[in-house]
Amino acid sequence: MRTRVAALLALTTALAGCTVAGNAAEDGTEKVVVGYQSKTINTVTAGTLLRAQGFLEKRLGKKYSVVWQDYDTGAPITAQMMAGKIDIGSMGDYPLLINGARGQQSEQTRTKMIAVTGYNLRGALNTVVVAPDSPIRQLADLRGKVVSTSVGSAAHGLLVQALRKAGVDPEKDVKVENQQPPVGASALQSGNVAALSQFVAWPGLLVQRGDARVLYDGGELNVPTLHGTVVRQQYATDHPDVVKAFLQAQLDATGFLWKQPLKAAEIVAEQTGLPAEVVYLYNGANGIATFAMPLKAELTQAMRNDVPFLKSIGVLQGIDLDAFIDDSYLSGVPGSDAANGAVLTGTDPVCNKPVGKDAGELWFTGEETTQPTADATCLLKAVKATGRKVRAAYVPDTGTGTRWFADKSFWVHDGDRFLPFITRAAAEQHGPVLTYQQAVAAA
């Protein structure tokens, strides 16, 4: 099993050569260098999906050629931007803040955050997982243990804040290993760490493969987390046409994802090696990640609230957020202010109820569309009644609303309802715990 998991998690894309941004390519075009994280799938509209569909190249025309550089985290993208070797990038909220702070150290390196890619208002894009057979049942059980995370990332922030909320001192009671996501995932599988706190799509991937279970759903913290697009200020000044084209292309990718979420998931899966079922968990209709480009007030405020934490761990001295966050670039892109267009609607064919915020979703094997369900109970009834093979089933957590795999959730029978929970600890607070198979049989 370890060999299989190691092979899966070791999937990496060869990095493009580090060329100075703005240099002419051999064919006489001008290079635009874009840094992205293929496996951080809530940045796909500014990265993987954007690249795969060629939206940016179409918008730029023949004058420019695009060089794509793929990384596991935002830190190396920031380093390359500071060196003038990446023009436009995408990363999570904590790395964005570090990017902006480092950029403000000189006029030549200043950067601007110009759009959002994916976000979750409760923080569910980050998750703490443990091995399936781990005796650890709650965060307090991590005292004296080693936990892997990427220091300075939002997943690290989740870990620290969640531990403090549970009465655990993250500095004294837990040893934190600063590791890249693939390294941390392998460390969890080998038993070298007791838990892994990471961002999408690593927790979902491990759980879907049966190699981890969720200890803490980031949605429990109820603190917004987001990813966004950043550009070197000097580059934006010199190449406003490129920046506008990029945002137009990002809007193209966002619209494609909204209109064809399953196809988008399949494309991202093919490009990254991630299972499409995992990609769709996060990026599908009603997915954990909401894709919309506006720099909404609650998101920018969340970034302001993140600054004290980053200062406390010594990765941020200070930042002028008003100078860093800039929505003026979006004003020149018609339609970029659109709200989330990937929401499950319709009527549940089994329960004959309208589909709303409590919707579940069934993806049957061989189908190019999914079947929405009014709620988790209706999903169980549909699975029991259909007899068809289910490729993936998704339900929202009863407490946090975080979308998760139905077969990896913990279930409680409550009267005429069946309630799914991402963590066993949350389920046990509501009654005896059922497996998914038991819940289907009892529905």
Side-chain angles (χ1 to χ4, degrees), residues 36-37 40-47 73-74 77-78 88-101 103-104 111-127 152-158 161 199-200 217-231 243 246-247 250-251 253-255 257-258 282-283 286-311 316 318-331 333 335-343 357 400-403:
Y36 74 113
Q37 303 166 67
T40 305
I41 54 175
N42 48 330
T43 63
V44 295
T45 52
T73 64
I77 297 176
T78 290
I88 303 172
S90 57
M91 59 191 72
D93 40 13
Y94 284 21
L96 280 167
L97 289 167
I98 296 170
N99 181 291
Q104 288 175 357
T111 56
K112 295 274 192 179
M113 179 184 174
I114 58 175
V116 173
T117 58
Y119 66 90
N120 184 284
L121 291 178
R122 292 186 62 99
L125 296 174
N126 306 295
T127 312
S153 71
H156 180 212
L158 166 71
Q161 294 177 76
F199 46 78
V200 298
D217 165 18
E220 294 183 49
L221 196 60
N222 200 21
V223 176
T225 186
L226 65 140
H227 285 64
T229 305
V230 63
V231 63
V243 177
F246 188 93
L247 291 175
Q250 183 178 331
L251 182 60
T254 304
L257 183 146
W258 287 346
Y282 293 102
N283 293 8
N286 282 33
I288 298 177
T290 296
F291 286 86
M293 296 171 66
L295 295 156
K296 300 171 63 173
E298 56 262 60
L299 297 179
T300 57
Q301 183 58 48
M303 294 183 72
R304 293 184 189 280
N305 296 340
D306 291 336
V307 171
F309 167 73
L310 290 175
K311 286 184 176 179
L316 188 72
I319 182 173
D320 181 352
L321 274 176
D322 293 327
F324 176 58
I325 300 174
D326 190 344
D327 63 0
S328 65
Y329 296 89
L330 283 178
S331 63
V333 182
S336 62
D337 58 348
N340 176 32
V343 180
K357 65 180 182 65
T400 65
T402 301
R403 175 175 162 100

Open item on the list: Nearest 0.5 Å, please: how far is OG1 in T73 from OH in Y94?
Closed with: 15.5 Å
- [ ] Kindly say whether L330 contributes a backbone atom to a donor-acceptor pair with the side chain of S336 at under 3.5 angstrom?
- [x] yes
TODO: Write down the atom of T225, the atom of A124, and the distance for their closest heavy-atom approach.
DONE: CG2-N, 4.5 Å
Task: Side chain Q104, main chain D320, donor-acceptor under 3.5 Å - done: yes
Open item on the list: Less than 4.5 Å apart, side chain to side chain, heavy atoms only: is that true for T40 and M91?
Closed with: no
Task: Heavy-atom closest contact (I41 atom, V200 atom, distance) - done: N-CG2, 4.1 Å
Task: Nearest-0.5 Å distance, CZ of residue R403 to CG of residue N120 - done: 12.5 Å
Task: Which atom of F291 lies closest to which atom of T254, heavy atoms considered - done: O-CG2, 4.1 Å
Task: Note, Y119 side chain near K296 side chain (heavy atom, < 4.5 Å) - done: yes
Open item on the list: Any side-chain to backbone donor/acceptor pair from K112 onto A323? Under 3.5 Å, distance only.
Closed with: yes
TODO: Take L226 and M303 through the side-chain contact (heavy atoms from CB on, under 4.5 Å) test and state the conclusion after the steps.
DONE: CA-CA 9 Å; L226 65 140; M303 294 183 72; 3.9 Å; yes
Open item on the list: Main chain of H227, side chain of T117: is a donor-acceptor contact present, judged purely on distance under 3.5 Å?
Closed with: yes
Open item on the list: For the backbone of N222 and the side chain of R122, can you confirm whether one donor and one acceptor N or O come within less than 3.5 Å of each other?
Closed with: no
Open item on the list: If you define the side chain from C-beta out and look only at heavy atoms, does anything of I114 sit under 4.5 Å from D327?
Closed with: no
TODO: Working to the nearest 0.5 Å, report the span between OG1 of T127 and CD1 of I288.
DONE: 6.5 Å
- [ ] Kindly indicate, with the supporting measurements, whether the criterion side-chain contact (heavy atoms from CB on, under 4.5 Å) is fulfilled by I88 and V230.
- [x] CA-CA 6 Å; I88 303 172; V230 63; over 6 Å; no
Open item on the list: Assess whether a salt bridge exists between D322 and R304, defined as any Lys/Arg side-chain N lying under 4.0 Å from an Asp/Glu carboxylate O.
Closed with: yes
- [ ] Calculate, to the nearest 0.5 Å, the distance between atoms CD1 and CG belonging to I77 and N99 respectively.
- [x] 9.0 Å
Open item on the list: Could you report the tightest heavy-atom contact between A101 and G318, atom names first, then the distance?
Closed with: CB-O, 3.5 Å
Task: Gap separating the CG atom of N340 from the OG1 atom of T290, nearest 0.5 angstrom - done: 5.0 Å
- [ ] For the residue pair T43 and Y36, establish whether any side-chain heavy-atom pair is separated by less than 4.5 Å.
- [x] no
- [ ] Examine distances only and state if a side-chain atom of Q250 and a backbone atom of F246 form a donor-acceptor pair shorter than 3.5 Å.
- [x] no
Task: Close side-chain approach of D306 to K311, heavy-atom, < 4.5 Å - done: no
Open item on the list: Within the 4.5 Å heavy-atom criterion, are D217 and E220 side-chain neighbours or not?
Closed with: yes
- [ ] Specify the closest pair of heavy atoms between P224 and L299, including all atoms of both residues, with the distance to one decimal.
- [x] CB-CD2, 4.4 Å
- [ ] Measure from the side-chain N and O atoms of Q37 to the backbone N and O of S90, and report whether any donor-acceptor pair falls under 3.5 Å.
- [x] yes
Task: Shortest non-hydrogen contact between A289 and N42, atoms and distance - done: CB-CB, 3.8 Å
Task: Of V116, L251, T229, the residue whose pairing with M293 passes side-chain contact (heavy atoms from CB on, under 4.5 Å) - done: L251
Open item on the list: So does G218 get a backbone contact from the side chain of N126, meaning a donor-acceptor N/O pair under 3.5 Å?
Closed with: no
Task: Any side-chain heavy-atom pair of L221 and L158 under 4.5 Å - done: yes
Task: Proximity of H156 and F199 rings by center, below 6.0 Å - done: no
Task: Pairwise distance OG1(T300) to CG(D93) - rounded to 0.5 angstrom - done: 12.0 Å
Open item on the list: Within the 4.5 Å heavy-atom criterion, are L96 and I325 side-chain neighbours or not?
Closed with: no
